[in-house]
Amino acid sequence: MDLQGHYHRLHAEAMANVATEGFSFDPEITNPSDSRRGLTLLLRPGEELLAAFSAFIEAVYRVAPGQYYYPDSDIHVTLMPVISCYPGFRLQDLELPLYIELIQQAMEGIKPIPLRFAGVFASPSCLMIKGFPQDGELENGRNNLRAIFASSTLEQSLDKRYRLVSAHCTVIRFQKPVQQPEMVVDLLDTFQDRFFGAQRFDQVELVFNDWYQRKQKVQILETFPLRGK
């Protein structure tokens, strides 16, 4: 699909909302009783990409301090939310070896995934880095997962909220009202075409996670190397 067009549509919708209502915010970030948990397959950006992302993150911090800025340890690309976060989800209720077996089958033959990161976009409550697959391996992996889990009786929620097509990194969430939204919008314009870098992701992590992928709440369950055939 036209991923640049997809990002553009999401951003335009968010900016229309911001123009009339301002940025929204997520009060659950600071809620210690938030019990939403899930099961996710993700890719981890390396040090060079994270250093490049920091230019945008720090620029926003200067005009909007007090918001939620993802630490390097928590920034990720979602390959697939196997079970989207919901309140009370418990890892011990799963037959984890069966999930690992299915995911291994899905990832068999998938080569390292090349992604290019350029530009930023917004939702009403988040700021994100745009990621672009450079070949078909990301979609191949996702389609393999869809096919394998569709024929399984295991609990899963692949594409339940929406069909995942993007390869973005969420780097900032608003946790309280934004006092100078026009300055944040100006920075989105400034960084709209900024090239951050590229990476070939050679492994996928399966994690048990909270909604925000906070390191202190994430449990790495398995790592799947991407070697291809």
Q | With F191, the ring pair (Phe, Tyr, Trp, His ring centres under 6.0 Å) member among F121, F53, F117, F56 | A | F56
[atom2] on [Y] to [atom1] on [X], rounded to 0.5 Å:
| X | Y | atom1 | atom2 | value |
| --- | --- | --- | --- | --- |
| M107 | I148 | CE | CD1 | 8.0 Å |
| S123 | F23 | OG | CZ | 8.5 Å |
| L145 | N140 | CG | CG | 11.0 Å |
| L226 | E108 | CG | CD | 12.0 Å |
| F224 | Q203 | CZ | CD | 11.0 Å |
| R44 | C169 | CZ | SG | 10.5 Å |

Using side-chain heavy atoms (C-beta onward) and a distance below 4.5 Å, is [X] in contact with [Y]?
| X | Y | result |
| --- | --- | --- |
| D2 | H6 | no |
| L138 | F132 | no |
| K111 | R227 | no |
| Q4 | K130 | yes |
| V18 | V184 | no |
| H76 | E205 | no |
| I29 | W211 | no |
| D34 | Y212 | yes |

Cluster question for you: counting only ILVMFWY and a side-chain heavy-atom cut-off of under 4.5 Å, with indirect links fine, are [X] and [Y] together?
| X | Y | result |
| --- | --- | --- |
| I220 | L96 | no |
| V165 | L42 | no |
| V82 | V218 | no |

Q: Using atom types as modelled and distance alone, determine if a side-chain donor or acceptor of R173 lies under 3.5 Å from a backbone N or O of Q67.
A: no
Q) Are the side chain of S54 and the backbone of A51 linked by a donor-acceptor contact shorter than 3.5 Å? A) yes
**Q.** S35: partners by side chain to side chain contact (heavy atoms under 4.5 Å, CB included), with sequence neighbours left out
**A.** P87
Q: Name all residues meeting the side chain to side chain contact (heavy atoms under 4.5 Å, CB included) criterion together with D74; count only those two or more places apart in sequence or in a different chain, and write none if there are none.
A: Y68, Y70, P71, R214, K215
Can you confirm whether [X] is buried at [atom1], in the sense that more than 12 heavy atoms of other residues, nucleotides or ligands lie under 6.0 Å from that atom?
| X | atom1 | answer |
| --- | --- | --- |
| Y61 | OH | no |
| E48 | CD | no |
| E47 | CD | no |

Q) side-chain contact (heavy atoms from CB on, under 4.5 Å) between L127 and I57: does it pass, once the steps are laid out? A) CA-CA 9 Å; L127 304 183; I57 296 170; over 6 Å; no
Please name the pair of heavy atoms, one in [X] and one in [Y], separated by the smallest distance, quoted to 0.1 Å.
| X | Y | result |
| --- | --- | --- |
| A167 | P133 | CB-CD, 4.3 Å |
| A198 | L49 | N-CD2, 4.0 Å |
| E137 | G109 | OE1-O, 4.1 Å |
| S157 | S84 | OG-N, 2.6 Å |
| I110 | G141 | CD1-N, 3.6 Å |
| S166 | L3 | CA-CD1, 3.8 Å |

Q | Inter- and intrachain pairs under side chain to side chain donor-acceptor pair (under 3.5 Å), touching residues 182-201, at least two apart | A | none
Q.
Can you tell me which residue among I103, N209, L206 is in a side chain to side chain contact (heavy atoms under 4.5 Å, CB included) with L221?
A. L206
Q | Residue of the set L94, T40, L154 for which side chain to side chain contact (heavy atoms under 4.5 Å, CB included) holds with I83 | A | L94
**Q.** Check against side-chain contact (heavy atoms from CB on, under 4.5 Å), V207 and Q213
**A.** CA-CA 9 Å; V207 300; Q213 291 285 350; 3.7 Å; yes
Q: Just do the side-chain contact (heavy atoms from CB on, under 4.5 Å) check on D93 and E155 with the steps written out, would you?
A: CA-CA 10 Å; D93 294 335; E155 178 185 358; over 6 Å; no
Q: Would you please test R37 and D210 for side-chain contact (heavy atoms from CB on, under 4.5 Å) and show each step?
A: CA-CA 5 Å; R37 298 292 184 272; D210 71 339; 3.6 Å; yes
